[in-house]
Amino acid sequence: MKFAHRIPQVVLGAALAYAGIGHLTTNRTEFQAQVPTILKSIADFVVLASGVVEIVLGLSLIFLWRYRVIVGWVVAAFFVAIFPGNISQYVNQVNAFGLDSDSARFIRLFFQPLLVLWALWSTGAWHDRRKSQKI
């Protein structure tokens, strides 16, 4: 596989690692706003833990080419797992990351499925699954 085909995977990995660093540093409070109400008592732990996971997943997307299909599925599952935080931010009308209106928070909900698709497409995970179903 040529490097040009890997650019979307590397970009996603860099974005995840960057966001993970933000969890641990400058955007910690902003990310706490997205923690679902049921987990508010451990919001800081959730933000720190998810930040570490994002860094690991981001670096995995960048460096673990041999395991890209598995990493793609794990990253997609991670995006699904954190989606309740986005829903909570919308339902509870919490302002964070410039999302200061119901419409802005609602529109953001549609980007999470795109991230899932990006993870599956850029790593070849979706193609690999379809190929294995034909056998």
Side-chain angles (χ1 to χ4, degrees):
M1 178 181 250
K2 294 181 181 178
F3 181 75
H5 292 103
R6 294 180 176 172
I7 290 173
Q9 180 179 334
V10 171
V11 169
L12 182 59
L16 266 174
Y18 179 78
I21 292 168
H23 278 69
L24 307 179
T25 59
T26 57
N27 293 326
R28 208 159 147 183
T29 303
E30 296 282 321
F31 281 111
Q32 287 177 4
Q34 295 180 320
V35 174
T37 309
I38 194 167
L39 300 173
K40 282 295 182 192
S41 64
I42 57 169
D44 195 47
F45 171 77
V46 170
V47 169
L48 292 174
S50 62
V52 170
V53 170
E54 283 189 352
I55 292 168
V56 169
L57 291 175
L59 294 176
S60 297
L61 283 167
I62 294 169
F63 296 111
L64 298 180
W65 297 108
R66 174 180 272 186
Y67 304 103
R68 68 186 178 280
V69 169
I70 294 167
V71 171
W73 285 109
V74 173
V75 170
F78 175 75
F79 286 141
V80 171
I82 64 172
F83 190 56
N86 299 333
I87 295 170
S88 176
Q89 184 180 8
Y90 170 69
V91 170
N92 295 308
Q93 299 176 320
V94 178
N95 297 339
F97 294 111
L99 303 174
D100 56 1
S101 70
D102 287 341
S103 59
R105 288 185 289 269
F106 183 73
I107 290 168
R108 184 192 184 298
L109 295 175
F110 293 96
F111 286 93
Q112 202 71 14
L114 294 177
L115 288 172
V116 171
L117 292 173
W118 187 356
L120 296 176
W121 167 76
S122 70
T123 60
W126 187 254
H127 181 280
D128 186 71
R129 183 177 190 287
R130 293 193 58 184
K131 187 172 72 176
S132 67
Q133 286 181 335
K134 292 181 181 179
I135 298 176

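- The side-chain heavy atoms of S88 and V35, taken from C-beta on, include no pair separated by under 4.5 Å.
- Transitive grouping of hydrophobic side chains (ILVMFWY, heavy atoms separated by less than 4.5 Å) brings V71 and V11 into a common cluster.
- Two residues are said to be in side-chain contact when any heavy atoms from C-beta on lie closer than 4.5 Å; F78 and E54 meet this criterion.
- Using a 4.5 Å heavy-atom threshold, the side chains of I82 and Q34 count as separate.
- Rounding to the nearest 0.5 Å gives a distance of 10.0 Å between CD of Q93 and OG of S101.
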### Task
Check the pair H23, I55 against side chain to side chain contact (heavy atoms under 4.5 Å, CB included), reporting the backbone distance first and the verdict last.
CA-CA 10 Å; H23 278 69; I55 292 168; over 6 Å; no

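- Annotation: the span from D102 atom CG to I107 atom CD1 amounts to 11.0 Å, rounded to 0.5 Å.
- One finds the CD atom of Q32 at 8.0 Å from the CG atom of L48 (value rounded to the nearest 0.5 Å).
- Pairing each heavy atom of W73 with each of A125, the nearest pair is NE1-CB, 3.4 Å.
- Taking 4.5 Å as the limit, some side-chain heavy atom of F79 sits within range of a side-chain heavy atom of L16.
- To the nearest 0.5 Å, the span separating CG on L114 from CH2 on W121 amounts to 12.5 Å.
- Nearest heavy atom pair, residue A33 against residue N95, reads CB-O, 4.2 Å.
- Taking each heavy atom of D44 and R28 in turn, the nearest pair found is OD2-NH2, 2.6 Å.
- Looking at R105 and N86, their side chains never bring a donor and an acceptor atom within 3.5 Å of each other.
- The hydrophobic clustering, which links ILVMFWY residues whose side-chain heavy atoms are closer than 4.5 Å, places I7 and L12 together.
- For the pair V75 and T123, the minimum side-chain heavy-atom distance is 4.5 Å or more.
- A distance of 10.5 Å separates CZ in R108 from CD1 in I87, rounded to the nearest 0.5 Å.
- Between P8 and W118, the closest side-chain pair of non-hydrogen atoms falls below 4.5 Å.
- W126 and L61 fall within a single hydrophobic cluster, where Ile, Leu, Val, Met, Phe, Trp and Tyr are joined by side-chain heavy atoms under 4.5 Å apart, directly or via other members.
- Annotation for A76 and L120: closest pair CB-CD2, 3.7 Å, computed over non-hydrogen atoms.
- Taking every heavy atom of both residues into account, V116 and V80 meet most closely at CG2-CG2, 3.9 Å.
- Between the OH atom in Y90 and the CG atom in L99 there is a gap of 12.5 Å [rounded to 0.5 Å].
- Note: the hydrophobic cluster containing I70 also contains L64 (ILVMFWY, side chain heavy atoms under 4.5 Å, direct or indirect links).
- Residue Y67 is grouped with residue V69 when hydrophobic side chains (ILVMFWY) are merged at heavy-atom distances under 4.5 angstrom, including chains of intermediate members.
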